[in-house]
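Data first, discussion second: the structure below is written as structure tokens.
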Number of protein chains: 2
Amino acid sequence: MRIGELAATAAVSTKTIRYYESIGLVREPERTRSGYRDYSPAAVERLRFIREAQATGLTLAEIQSVLELKDAGAASCDHTRRLVERHLVDIDAQITRLEIARAELLDLAERADALDPTTCTDPNRCQVIEGSP
Amino acid sequence: MRIGELAATAAVSTKTIRYYESIGLVREPERTRSGYRDYSPAAVERLRFIREAQATGLTLAEIQSVLELKDAGAASCDHTRRLVERHLVDIDAQITRLEIARAELLDLAERADALDPTTCTDPNRCQVIEGSP
DNA sequence: TGCTTCCTTCCAGTCGACTGGAAGGTCATC
DNA sequence: GATGACCTTCCAGTCGACTGGAAGGAAGCA
């Protein structure tokens, strides 16, 4: 199948497929005599795999390292598991950062509610943001 | 004071200060006869304000809109509060996304633990990532 | 033959917040 | 007058995952 059909089937853009090819995430397909990319049905699976892995938060670089092992025929479960675990640590760190930011923002919002806006006139001071405990 | 001293005092780089000036976040300072930037002590406060606002998760564009109101002498508490509240909604959405991703990853990790790696040999399938319930 | 739709390559831009580096000017100190 | 620290401007690059657009070739149909 040509790139347009693959794109429609896998619900990605043709641009994205060519981009994936350019970074080595999908292999170069056969070409028709006129130079069009000609994909096998397996390409749909590969794109689906990439999208699923992406949905779990893996970056394209991480997905690529899984795919390379898969392509080499290696038992990739172990590698994938390590990647997944590393990513889990990252996600936990991100969540922690966001929760800290969230608490700070809540604090600001409450302080803003408690303040009289007419007293907030010093152009070099904003009582909402400044003056944290 | 010159840019190096300001940078050291406010714990930012000179590059960052010039960048902030280029996007209008800090005003153009006076210049010495030789063309060096010459800052008033108030610049330290402004940078400190920017860094604090940034630490609460506001983007530079958002900080700029607060600063513009402050510079205009307007009562900015109300505007700040709205920005803060909007950002709170964003953060909650981000946290939710991350928690979903986290649950998926945990699931993957458990599945990986339960699998026998020697059965993961089909180069087009990875039992860890695929076959989600 | 013309029209449309699809395909090709290649280059450049997006977002956010900087950072690096080149080429050259200025100031204080030895 | 030489050295070194500091300053100037300007241009380009980073990261990640694409997206836009130009210029031109190919396939199918009336």
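All of these numbers come straight from a predicted model, not from anything done at the bench. Chain identifiers are assigned alphabetically (A, B, ...) following the order of the sequence lines, protein sequences preceding nucleic acid strands; residue numbering begins at 1 within each chain.
The shortest distance between side-chain heavy atoms of A:Arg37 and A:Arg31 falls below 4.5 Å. Between A:Val44 and A:Tyr39, the closest side-chain pair of non-hydrogen atoms is not below 4.5 Å. Between A:Ile50 and A:Leu60, the closest side-chain pair of non-hydrogen atoms falls below 4.5 Å. A:Leu67 has its side chain within reach of A:Arg46: a pair of non-hydrogen atoms, C-beta onward, lies under 4.5 Å apart.
For A:Met1 and C:dC6, the CE to C1' distance is 16 Å, given to the nearest whole Å. In this entry the distance linking CD1 of A:Ile23 with C1' of D:dG16 reads 9 Å, nearest Å. Distance, B:Arg33 CZ to D:dC6 P: 21 Å, rounded to whole Å. One atom, CG of A:Leu47, and another, P of D:dC18, lie 11 Å apart when rounded to the nearest Å. Following rounding to the nearest Å, B:Glu28 (CD) and D:dT9 (P) show an atom-to-atom distance of 9 Å. One interatomic measurement links the two molecules: CZ of A:Arg51 to P of D:dA17, which rounds to 11 Å at whole-angstrom precision. Per the geometry, CD1 belonging to A:Ile63 stands 13 Å off P belonging to D:dG16, to the nearest Å. One can place CD of B:Glu21 at 15 Å from P of C:dC18, the figure rounded to the nearest angstrom.
B:Glu62 comes within contact range of no nucleotide atom at all, as no heavy-atom separation falls under 4.0 Å.
Contact check, B:Tyr20 against C:dA17: no side-chain N or O comes under 4.0 Å of OP1 or OP2. OP1 or OP2 of D:dT9 sits under 4.0 Å from a side-chain N or O of B:Arg37. In this structure, A:Gln64 does not reach the D:dG16 phosphate: none of its side-chain N or O atoms is under 4.0 Å from OP1 or OP2.
If one axis is set at each end of the helix from C:dT1-D:dA30 to C:dC30-D:dG1 from five pairs, those axes are 40° apart, to 10°.
Taking both residues in full, the closest heavy atoms of B:Asp38 and B:Pro29 are given as O-CB, 3.7 Å, listed atom of the first, atom of the second, then distance. The two residues A:Ser13 and A:Ala7 come nearest to each other via the heavy atoms C-CB, 4.0 Å. Considering every non-hydrogen atom in both B:Ala53 and B:Ile63, the closest pair reads CB-CG1, 3.7 Å.
Formation of a donor-acceptor pair under 3.5 Å by the A:Gln64 side chain with backbone atoms of A:Ile23 is found in this model. A donor-acceptor distance shorter than 3.5 angstrom exists from the side chain of B:Glu62 to the backbone of B:Thr59, with no hydrogens or angles considered.
With respect to B:Arg27 and B:Glu21, no salt bridge is recorded, no charged nitrogen being found less than 4.0 Å from a carboxylate O.
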Derivation and outcome, salt bridge (charged side-chain N to carboxylate O under 4.0 Å, His left out), residues B:Arg2 and B:Glu5 = CA-CA 6 Å; B:Arg2 284 179 307 172; B:Glu5 190 185 344; over 6 Å; no
message = Walk me through whether A:Leu47 and A:Glu52 qualify under side chain to side chain contact (heavy atoms under 4.5 Å, CB included).
response = CA-CA 9 Å; A:Leu47 282 177; A:Glu52 281 182 17; over 6 Å; no
Produce the list of close N/O pairs, under 3.5 Å, pairing protein atoms with atoms of nucleotides 23-25 of chain C; give distances to one decimal.
residue	atom	partner	partner atom	Å
C:dG25	N2	B:Tyr36	OH	2.6

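Within residues 2-19 of chain A, the residues approached by DNA chain C to less than 4.0 Å at the level of any non-hydrogen atom are A:Arg2, A:Ile3, A:Gly4, A:Lys15, A:Arg18, in residue-number order.
If you find the closest nucleotide of DNA chain C to B:Thr32 and to A:Arg31, the one lying nearer the 5' end belongs to A:Arg31.
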